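Inspection log for the structure reproduced underneath, given as structure tokens.
Heavy atoms only: backbone and side chains are in, while hydrogens, waters and symmetry mates are out. In this text the structure is predicted, and so the values were computed from the model without any measurement.
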2 protein chains.
Amino acid sequence: MPRTSSTAYALLGLLTIEPMSGYDLALVVRTSVGHIWSESYGQIYPTLRKLAVRGLVNRKTERHRSKPDRHVYSITTKGRKELTAWLAVPPQPEIPRNEMLLKLFLGAQASIDVLVANVERMVQEHGALLQKFKRIEHDEIDKNLQYPDAPFWKMTARYGQTEMEAHLKWAEETLEALRKIAKQQNSSLEARKEKNYARG
Amino acid sequence: MPRTSSTAYALLGLLTIEPMSGYDLALVVRTSVGHIWSESYGQIYPTLRKLAVRGLVNRKTERHRSKPDRHVYSITTKGRKELTAWLAVPPQPEIPRNEMLLKLFLGAQASIDVLVANVERMVQEHGALLQKFKRIEHDEIDKNLQYPDAPFWKMTARYGQTEMEAHLKWAEETLEALRKIAKQQNSSLEARKEKNYARG
DNA sequence: AAATGCATGTAACGCGTTACATGATTTT
DNA sequence: AAAATCATGTAACGCGTTACATGCATTT
């Protein structure tokens with residue numbers, strides 16, 4: 001097994017929810033765990049094959065008259081064992097690559113307007129996400145607490161909320177600071193202009 | 001220029017702080033912007049060459065008697081222009097790959113002890129980071145507010161703090177929830193045991 | 001008639017990491 | 001004497017994305 005990649009385990013994990021095809025998995029990744037994990041077709045299909053070869057999943061082919069065949073994968077006992085072992089390994093830390101923050105870090109090279117626009121865009125997006133996470137928690141998780149997965153899904157939904165709230169709080173503070181800087185720049189610009197008028 | 005990669009711009013941006021060699025840049029990435037951005041030698045050296053070819057940086061070779069030559073790169077006017085243009089492009093959203101959260105999402109397949117350990121490790125790590133960000137803000141940034149970069153570096157330090165605080169808050173709530181689940185599991189285990197005693 | 005959706009997959013490419021090579025200097 | 005630091009870089013590899021190919025069914 002490769003050293004670093006957790007793609008195989010992620011797919012294995014999602015197959016504990018229910019047996020699925022590659023197409024289904026891509027859908028689940030996009031719509032359900034999309035804010036936690038991403039995975040593309042180019043990864044999913046080959047990885048499923050490899051998992052089948054290793055006996056961690058079973059593959060069943062559903063034939064239809066007209067549509068192309070569906071390959072439905074289900075996790076095996078062996079697969080469950082490997083998954084559980086992986087879950088016990090301390091999670092790999094995320095490699096940090098936050099372009100928004102980098103651009104702010106280099107803010108002295110940009111105009112304040114641009115920085116303000118970036119932060120305001122973030123407020124829009126993360127505000128919407130906050131609402132979405134709340135909705136998911138109340139409408140989809142809290143109403144299905146009988147399922148054994150539900151408490152854990154709730155925790156991840158709560159994580160998203162807490163983080164988005166933090167980002168919004170920070171954005172407010174930051175916008176204030178940016179506007180203060182803009183004012184200073186304007187006033188020193190004014191000062192220079194007056195000087196020039198006096199001179200000219 | 002490649003479609004997606006922001007590596008070149010990140011290096012260009014760091015060179016606005018001061019002229020540096022590839023080695024220096026790797027150091028700055030690790031020690032200064034390490035929590036925002038990561039970059040490896042294998043990326044840095046070839047990218048610097050390409051930037052030099054495109055005229056966005058100048059390269060000067062410092063010869064030493066004994067040590068190997070140092071290639072010091074400085075950003076050009078053309079480079080500053082491209083950087084400023086890039087800073088105005090809406091930041092690319094991060095691709096989500098949070099292994100810790102994924103493991104929690106799949107928590108029904110793991111033992112509660114393992115999940116608790118993972119969250120507790122996060123409390124340790126993010127608690128330490130929170131302290132670090134505070135220290136950086138007060139000891140390194142607030143004392144150098146005369147530099148034009150300082151206000152922006154402060155914003156990113158504040159971002160780190162706000163996020164770490166949110167994670168710690170969430171972790172507390174989550175540990176409580178996990179312990180509640182553990183209790184429920186134990187009590188139903190007890191019930192089964194008693195049944196067996198009564199039977200045997 | 002054209003576009004979109006279902007469903008499979010592959011090929012090519014690029015980004016990024018890791019490991020290695022080199023070699024002198026300083027520290028332990 | 002051994003290890004670590006300074007400082008350059010390259011080669012190989014693997015992960016992951018994007019774009020493409022296929023082909024029927026359904027919607028516009």
Which residue pairs satisfy the salt bridge (charged side-chain N to carboxylate O under 4.0 Å, His left out) criterion with at least one member in residues 6-29 of chain B, sequence neighbours excluded?
B:Asp24-B:Arg70
Could you note down all residue pairs passing salt bridge (charged side-chain N to carboxylate O under 4.0 Å, His left out) where residues 83-92 of chain B supplies at least one of them, sequence neighbours left out?
none
Examine A:Leu12 and B:Val114 and state if one hydrophobic cluster contains both, with Ile, Leu, Val, Met, Phe, Trp and Tyr joined whenever side-chain heavy atoms are less than 4.5 Å apart.
no
B:Arg158 and A:Glu172 ion-paired at < 4.0 Å
no
Do B:Lys103 and B:Glu99 sit within salt-bridge range, that is, some charged N less than 4.0 Å from a carboxylate O?
yes
Show every donor-acceptor pair shorter than 3.5 Å between a side-chain atom in residues 25-36 of chain A and any protein atom, with sequence neighbours excluded, or say none if there are none.
{"residue": "A:Thr31", "atom": "OG1", "partner": "A:Leu27", "partner atom": "O", "Å": "2.8"}
{"residue": "A:His35", "atom": "NE2", "partner": "A:Lys132", "partner atom": "NZ", "Å": "2.9"}

What is the distance from [atom1] of [X] to [atom2] of [N], rounded to the nearest Å?
X       : N      : atom1 : atom2 : result
A:Leu11 : D:dG16 : CG    : P     : 10 Å
B:Leu25 : C:dG16 : CG    : P     : 15 Å
A:Arg30 : C:dA7  : CZ    : C1'   : 12 Å
A:Trp37 : D:dC15 : CH2   : P     : 13 Å
A:Ile95 : C:dT18 : CD1   : P     : 10 Å
B:Glu39 : C:dT17 : CD    : P     : 7 Å

Does a nitrogen or oxygen in the side chain of A:Thr7 sit under 4.0 Å from OP1 or OP2 of D:dC15?
no
Can you see if the side chain of A:Arg97 gets near the phosphate of C:dG16 - specifically, an N or O under 4.0 Å from OP1 or OP2?
yes
Bend angle of the helix from C:dA1-D:dT28 to C:dT28-D:dA1 from five-pair axes at both ends, rounded to 10°?
30°
Tell me yes or no: between the side chains of A:Thr61 and A:His71, is some donor less than 3.5 Å from an acceptor?
yes
In the 5'-to-3' direction, what one-character label does each nucleotide of nucleotides 5-11 of chain D receive under the scheme B = base within less than 4.0 Å of a protein heavy atom, S = sugar-phosphate only, - = no such atom?
-BBBB--
Start with the C-alpha distance between A:Thr7 and B:Arg97, add both sets of side-chain angles, then the distance that settles side-chain hydrogen bond (donor to acceptor under 3.5 Å, both in side chains), and finish with yes or no.
CA-CA 10 Å; A:Thr7 292; B:Arg97 280 214 146 185; 3.1 Å; yes
Connected hydrophobic set around A:Tyr45, excluding itself, where side chains approach under 4.5 Å:
A:Tyr23, A:Tyr41
